[in-house]
Amino acid sequence: MNPTNPKQPWARLTAAARHVHDDRDTAAPYGFATRVTAIAFASSRSSLSLVERFAWRAVGVAGVLAILSVALNYSALTHKAVPVEEPVADNDTVSLLLKVD
Amino acid sequence: MPDDNLPLDLAGCLERVRQRDQAAARELVDHLYPLVIRIVRSHLPRRVAEEDLAQEVFLKMFTRLDQYQGAVPFPHWVSRIAVTTCIDHLRAQKRRPEFRWADLSETEAEVLDNVITNENDVPANDALAAHELVHQLLDQLKPDDQLVIRLLDLEQKSIAEIAQLTGWNQSLIKVRAFRARRKLQKLFQELKKKERS
């Protein structure tokens, strides 16, 4: 199908359709620019503040968790480690070999 | 209030918009509205209000403003946003209405009968019916094919212009145009058979 062939139905239909001109007004409706601008500027600000809010909340939660973990493990941190001699098992092959040496 | 008689200093206006000057942003929207609304009207999907679609285009424009590097004129850049927004809406419409003789008005049926049964031109006073028929037939195509054919055959844009508007490469546009015309040809053959039966 050659679309440029004027004998084709589609070519004749589009040729006629092109004679229809859109005479509707192309000026922005009253208040359109104000509304769009307000939405655009508000959404960019709110998305920024959302990120900020989450960031500060994350810092707060991390701080609380750090304090809690220190508090819960305080005794373990301050406890003096006492070296404990491990009793050597008599039937342990390695220890028996070492004794031989 | 900007003076409508003065041409808009687009570069200066964009700079002020980047500095979050709302007055400049309003000026920019008013300046570009005719361009955007013409694109929206010619590719408007069914059941979508033109003003809502235009608003979506401008919101995208403001969101992506930092990405504009000035490689193409700003109105071209905005046109591409408008075209891609329209195509996204067309793609979102999953179902395409079936084209049936019974749904056509008397004049539309006459015009269609005239173009498929003889080789006469459509009379000038039937242009409106032809226009309506063209849009109903375009609705039968896939959104991307629809866009290509509309730009090529109705708006008479060149392949290069379509490539610039859509961001698609020229071979892809030619393939889509070929596919769409083949589908239209098949549709005309089916309509002719149905008309005879």
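Each chain gets a letter, A, B and so on, in the order its sequence line appears, and its residues count up from 1.
Looking at A/D25, the atoms closer than 4.5 Å to chain B (heavy atoms on both sides) all sit in the backbone: N, CA, C or O. Proximity to chain A is absent for every atom of B/V36, based on heavy atoms less than 4.5 angstrom apart. Heavy-atom distances place both the backbone and the side chain of A/R24 under 4.5 Å from chain B. Contacts between B/Q156 and chain A at a heavy-atom distance below 4.5 Å involve the side chain alone, from C-beta outward. Heavy atoms closer than 4.5 Å to chain A are found in the side chain of B/R38, but not in its backbone. In this structure, the portion of B/L137 lying under 4.5 Å from any heavy atom of chain A is its side chain and not its backbone. Using a 4.5 Å cut-off between heavy atoms, B/D21 touches chain A through its backbone atoms (N, CA, C, O) alone. Interface remark: B/L128 contributes backbone and side-chain atoms alike to the contact with chain A (heavy atom separation under 4.5 Å). Residue B/L154 touches chain A through both its backbone and its side chain, counting heavy-atom pairs closer than 4.5 Å. Of the atoms belonging to B/E56, not a single heavy atom falls under 4.5 Å from chain A. When heavy atoms are compared at a cutoff of 4.5 Å, B/A23 does not approach chain A at all. Proximity to chain A is limited to the backbone of B/N114, based on heavy atoms less than 4.5 angstrom apart. Interface remark: B/L187 contributes no atoms to any contact with chain A (heavy atom separation under 4.5 Å).
B/F188 has its side chain within reach of A/L13: a pair of non-hydrogen atoms, C-beta onward, lies under 4.5 Å apart. Between B/I149 and A/W10, the closest side-chain pair of non-hydrogen atoms falls below 4.5 Å.
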Original post:
Step by step, would you call A/R18 with B/H131 a side chain to side chain contact (heavy atoms under 4.5 Å, CB included)?
Top reply: CA-CA 7 Å; A/R18 281 197 297 271; B/H131 186 263; over 6 Å; no
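Formation of a donor-acceptor pair under 3.5 Å by the A/R35 side chain with backbone atoms of B/Q55 is not found in this model. The backbone N or O of B/V122 lies less than 3.5 Å from no partner atom in the side chain of A/R12, so there is not a single donor-acceptor pair.
Clustering ILVMFWY residues whenever any of their side-chain heavy atoms sit less than 4.5 angstrom apart, transitively, puts B/W77 in the very cluster that holds B/L14.
Heavy-atom neighbours of B/F178 CZ from other residues, nucleotides or ligands within 6.0 Å: at or below the threshold of 12. Counted within 6.0 Å of NZ on B/K60, heavy atoms from surrounding residues, nucleotides or ligands total more than 12; the atom is thus considered enclosed.
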